[in-house]
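Keep in mind that this is a model prediction, so the values were computed, not measured. Heavy atoms only: backbone and side chains are in, while hydrogens, waters and symmetry mates are out. We name chains A, B, ... by the order of the sequence lines, and we start the count at 1 in each one.
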Amino acid sequence: GAVVSQHPSWVICKSGTSVKIECRSLDFQATTMFWYRQFPKQSLMLMATSNEGSKATYEQGVEKDKFLINHASLTLSTLTVTSAHPEDSSFYICRAAPGTVNEKLFFGSGTQLSVL
Amino acid sequence: QKEVEQDPGPLSVPEGAIVSLNCTYSNSAFQYFMWYRQYSRKGPELLMYTYSSGNKEDGRFTAQVDKSSKYISLFIRDSQPSDSATYLCAMSVSSSNTGKLIFGQGTTLQVKP
């Protein structure tokens, strides 16, 4: 099956610093990538939809100036958490698809962010 | 009321048991239903994908959809310790990969040897 690589898998940072998370589709091109956040014992919440070459579409309540998304190529999307605070500590997961149907969606392995 | 409701568990069963995981939903427009398995600190992996009422079987897994009752289930036969994970249901209105997926809270399953 298709592989979506996400790095880093775990990051610890000080409050006020910025953290970049990468999501790569290794063996397919992904026009669209999705970014989710998951708090412990809670569901995946969609943060934004990233389209190659254009601005990301953010869900209501997600601060676009805090969560910067870049989708510069068909195989790479990045999420940057700017000026991170302890409340941003969460599990972040990307999702991508090689085609147009959601049956063939693949998730990255996730990134656990801990802000001290 | 949440669009998708899923009992968070935890659910603990002995090895070999039949496991039943369930989700209810309120939006009758949902047409596509998925079950994902998520191990701790990992991304979810797709187990089952269905788009009609009825049953779909894949090995030890059976997905059941009852649109009239707005209820979906995942059955695991002959459960194994390796099945211990969180199981998430998800559903969408569209089959398009740009369609929004709505996830349940996830049910944590532990299969004891």
Reported CD-to-NZ distance for the pair A:Gln6 and B:Lys42, which is rounded to 0.5 angstrom: 11.0 Å
Going by side-chain contact (heavy atoms from CB on, under 4.5 Å), name the residues that satisfy it together with B:Thr50, two or more places apart in sequence or in a different chain. B:Phe33, B:Lys56, B:Ala63, B:Val65
Does A:Ser43 reach the main-chain N or O of B:Gly104 with its side chain, forming a donor-acceptor pair under 3.5 Å? yes
Hydrophobic clustering (ILVMFWY, side-chain heavy atoms < 4.5 Å, transitive) - are A:Val115 and A:Val62 grouped together? yes
Given a strict heavy-atom distance threshold of 4.5 Å, which part of B:Gln38 is in contact with chain A: side chain, backbone, both, or neither? side chain
Kindly give the heavy-atom pair with the smallest separation between A:Ile93 and B:Gly43, and that separation in Å. CG2-CA, 4.4 Å
So CG of B:Leu46 and CZ of A:Phe106: to nearest 0.5 Å the spacing works out to 8.0 Å
Is there any residue in residues 65-81 of chain A with a non-hydrogen atom under 4.5 Å from a non-hydrogen atom of chain B, and which ones are they? none
In terms of heavy-atom pairs under 4.5 Å with chain B, the winner among A:Gly110, A:Ser109, A:Gly108 is A:Ser109
Whatever's closer than 4.5 Å to a heavy atom in chain B on A:Gln42 counts as backbone
Please classify the contact between B:Thr86 and chain A as side chain, backbone, both or neither, with a heavy-atom cut-off of under 4.5 Å. neither
Please go through A:Trp10's hydrophobic cluster and name the other residues, only I, L, V, M, F, W, Y counting, with side-chain heavy atoms under 4.5 Å joining them. A:Ile12, A:Leu116
How many angstroms lie between CZ in A:Phe107 and CG in B:Leu88, if you round to the nearest 0.5 Å? 8.0 Å
Would you please test B:Leu101 and A:Arg95 for side chain to side chain contact (heavy atoms under 4.5 Å, CB included) and show each step? CA-CA 11 Å; B:Leu101 282 186; A:Arg95 172 171 76 101; 3.7 Å; yes
Residues of residues 5-15 of chain B with any heavy atom under 4.5 Å of a heavy atom in chain A: none
